[in-house]
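To start, the structure itself, in structure tokens.
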Amino acid sequence: MKKIRCALIGSGNIGTDLIYKVQRSPVLEPVWMVGIDPESEGLARAREMGLKTTAEGVDGLLPHVLEDNIQIAFDATSAYVHAENSRKLNELGVMMIDLTPAAIGPLCVPPVNLKEHADKVEMNVNMISCAGQATIPIVNAVSRVQGVEYAEIVASLSSKSIGPGTRANLDEFTFTTSNAIEIVGGAKKGKALAIINPAEPPMIMRNTIYCLTEGEPERENIIESVLAMIKEVQKYVPGYKLVNGPDFDGNKVSVFMEVEGLGDYLPKYAGNLDIMTAAGTRTAEMFAEEILAGKIQLKPSVAEAEV
Amino acid sequence: MSDLKGKKIILHDMCLRDGMHAKKEQITVEEMVKVATAMDDAGVPYIQVTHGAGVGGNSLQHGFALASNEEYISAVCEQMKQAVVSVLLLPGLGTMKELKSAFDCGARSVHVATHCTEADTSPQHIAFARELGMDTTGFLMMSHLNDAKGLAEQGKLMESYGAHTVYITDSAGYMLPEDVKERISALRDVLNPETEIGFHGHHNMGMGIANSLAAIEAGATRIDGSVAGLGAGAGNTPLEVFVAVCERMGIETGVDLFKLMDIADDIIFPMMDHIVRVDKDSLTLGFAGVYSTFLLHAKRASERFGVPARDILVELGRKKMIGGQEDMILDTAMTMAKERGLLKAVSR
């Protein structure tokens, strides 16, 4: 079967884990990996796994986009360089999956709104954050039952799974995730908290989701909706698991989740890495399936000016 | 103990921030102003205020205070004659936006707090506090979970981001004087001479005063405490007791001891919902090395699910939960309740 050819930008934890996820896909093929450090472990691993590499950043990839027929690119660099990367690649007709907190394109949580974005042929889709991917499906599962006036999520992440980029820019993570709880989760107001825990052996990613419902929570409907949503996420993240809840205390609904990874690049505790790369891959697959079926066609586009 | 006579120490009161934990965040603006004004009058140079979890702290995870942080800060700052008002910021919870807002209300000092191994999550916040011109502290929480060498490295990072002061923070009230001395000495060895060192204690093992003195001996010049010990767990180092000890030893704090005693007895004690002291649960925190703020959360979870608070706290210590993971208290209590046949799992 024909596959859509992809480039992976950024050779850190997320970029390297993506090689495995994309390589496993029936409709995607990882062809290029882009880094900025020729000595990086990520680039070395990409070469071992048969990818072409450049350490010249996105500019090192551009001359090869057309000849190698790259149609989808994953950006796992940083919010600061993403806009520029996206502009350059969109001009060549490459669709961007943004795994940075830049969020210049629409926010995407696959079981909530992916289909919508694919139908619109969005040329840049943002994956929010690992915490967003792990929690927003649950917020949405509650808000599709009844109004949520406030939702708050707490992501506990193992220290070893958090790279230097996220550490140095924790506020961007907080803002992007809080915003997405409202826009995609459907809560009137959202707040995101992140805790980085250095325990050894490393703790598996945990997420707690609190929702304040408008009026008395419809317990049975909420439980059913949450369990159904968990099944949807499990289709692309098998280790997405309910630990406790839904717990009802007044109009507060609490759900306690655990995300165990597949153990591709980092060990299984780094579920945060997996849920991000798996969501990104799932998103790319949806676009790829539509392209291969002739339903959508990617066109070069000029990004709107950044302000 | 070596001669500390003539040493000058800067005291920083926590009863209106750490004490919020002990009051389930329910101190009124009027009470806060009353306490702060009295402390200002007693010569306390730094007074920390706001929600127990600092700026951005109002949340389901940490509880909602009676007023916004901005209301508390503004109301207190308006009345201060000499004291500097400070706030706490935990990256991952509070953001630069909220710090700016606190600054606009009059806060001029900040403790930027990370877990003792995660200093590199604080560069943007420390740099921003400096840019605002604030007295900036890097605050290494749960310091008993890192060794002296590791803490020295973490402190050096915070200094490199711009911190004026680096704190060893005994959030669990676990440390003994020798532990404190070793850690402060290691910091003193690597930090620039102009960078100050501070110590923030909790009294869960009754070591608040002794640990603070050990810190001073090893080179600390800033000490956190709280009048009447109003703070999380068994409270912070009780400030009036510490000042009395300092006077006897000839350590200079510039604070009026008798006025502080009066504030403790006349204002703070009547405010307490429970007497903040070493009891079996707060002692368990210190003994097991658990974050002091977990205490009241564990007691609430215990009431709901029937698992004793002490069992929950010990399990949290075993699972190495750190400050900010209050959600894991309810989660752990529910898991334990299921194991004990007290709670059924949701299923379809």
Side-chain angles (χ1 to χ4, degrees), chain A residues 131 150-159 162-164 166-175 178 191-203 206-212 219-220 222-224 226-228 230-231 242-249 252-258, chain B residues 53 56-62 64 89-99 114-125 127-128 142 145-146 150 157 161 300-301 304-305 318-338 343 345-348:
Chain A
Y150 175 78
E152 179 178 310
I153 68 97
V154 187
S156 294
L157 310 151
S158 73
S159 190
I162 302 297
T166 306
R167 288 172 176 276
N169 302 289
L170 218 49
D171 271 18
E172 279 77 358
F173 172 95
T174 311
F175 293 142
S178 302
K191 186 175 173 81
L193 281 59
I195 313 290
I196 300 176
N197 183 315
E200 285 292 340
M203 57 170 290
R206 292 295 312 265
N207 298 280
T208 299
I209 300 97
Y210 304 112
C211 291
L212 291 181
R219 294 188 179 210
E220 293 307 312
I222 287 173
I223 291 172
E224 199 167 313
V226 166
L227 295 180
I230 291 170
K231 285 211 177 90
L242 177 70
V243 179
N244 280 307
D247 173 63
F248 299 91
D249 186 5
K252 182 172 82 169
V253 183
S254 310
V255 182
F256 302 86
M257 302 297 302
E258 172 183 291
Chain B
N58 280 299
S59 55
L60 291 168
Q61 177 84 340
H62 301 286
F64 289 93
L89 166 67
L90 289 93
L93 172 63
T95 62
M96 293 184 279
K97 208 168 98 187
E98 284 140 347
L99 183 61
T114 75
H115 186 69
C116 59
T117 53
E118 314 298 317
D120 61 355
T121 56
S122 67
Q124 57 183 175
H125 309 88
F128 184 62
M142 297 285 273
L145 291 175
N146 200 350
L157 279 179
Y161 306 145
R300 275 199 293 276
R304 264 198 80 193
F305 298 105
R318 194 191 64 78
K319 284 161 76 174
K320 298 176 185 159
M321 294 299 171
I322 62 170
Q325 294 192 281
E326 278 74 358
D327 53 321
M328 289 294 114
I329 300 171
L330 200 59
D331 176 76
T332 299
M334 289 171 85
T335 298
M336 293 173 88
K338 283 179 190 166
L343 180 72
V346 164
S347 63
R348 273 290 175 280

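The shown structure was predicted, so the numbers you read here are calculated from the model rather than taken from an experiment. Each chain gets a letter, A, B and so on, in the order the sequences are listed, and its residues count up from 1.
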Any idea which heavy atoms bring [X] and [Y] closest together, and the distance?
X: A168(A); Y: P123(B); value: CA-CG, 4.0 Å
X: G56(B); Y: K191(A); value: O-NZ, 2.9 Å
X: M334(B); Y: D247(A); value: CE-CB, 3.7 Å
X: F248(A); Y: R304(B); value: O-NH2, 3.5 Å

Would N244(A) and K338(B) count as a side-chain hydrogen bond (donor to acceptor under 3.5 Å, both in side chains) if you check the C-alpha gap in whole Å, the side-chain angles of each, and the deciding distance to 0.1 Å? CA-CA 10 Å; N244(A) 280 307; K338(B) 283 179 190 166; 2.5 Å; yes

Go through the atoms of F128(B) and report whether side chain, backbone, both or neither lie under 4.5 Å from a heavy atom of chain A. neither

Heavy-atom distance under 4.5 Å to chain A: side chain of P91(B), backbone, both or neither? both

Where on [X] is there a heavy atom nearer than 4.5 Å to chain B: the side chain, the backbone, both, or neither?
X: A192(A); answer: backbone
X: T174(A); answer: side chain
X: P246(A); answer: both

Calculate, to the nearest 0.5 Å, the distance between atoms [atom1] and [atom2] belonging to [X] and [Y] respectively.
X: I195(A); Y: D327(B); atom1: CD1; atom2: CG; value: 7.5 Å
X: L157(A); Y: E118(B); atom1: CG; atom2: CD; value: 10.0 Å
X: F256(A); Y: T332(B); atom1: CZ; atom2: OG1; value: 9.0 Å

When M321(B), Q325(B), K97(B), H115(B) are compared by non-hydrogen pairs under 4.5 Å with chain A, the top option: Q325(B)

Of L93(B), T121(B), L90(B), the largest count of non-hydrogen pairs under 4.5 angstrom with chain A goes to T121(B)

Verify salt bridge (Lys or Arg N to Asp or Glu O under 4.0 Å) between D331(B) and R206(A), making sure each step is shown before the conclusion. CA-CA 10 Å; D331(B) 176 76; R206(A) 292 295 312 265; 2.7 Å; yes

Can you tell whether the side chains of K320(B) and E200(A) come within less than 4.0 Å, N to carboxylate O? no

So that I can tick it off, tell me whether R300(B) and D249(A) are bridged by a salt bridge, with the cut-off set at under 4.0 angstrom between side-chain N and carboxylate O. no

Would you please test Y150(A) and L60(B) for side chain to side chain contact (heavy atoms under 4.5 Å, CB included) and show each step? CA-CA 10 Å; Y150(A) 175 78; L60(B) 291 168; 3.7 Å; yes

Among A155(A), S156(A), A194(A), P198(A), residue most engaged with chain B (heavy-atom pairs, under 4.5 Å): P198(A)

Is Q124(B) reaching over with its side chain to a backbone N or O of D171(A), donor-acceptor style, under 3.5 angstrom? yes

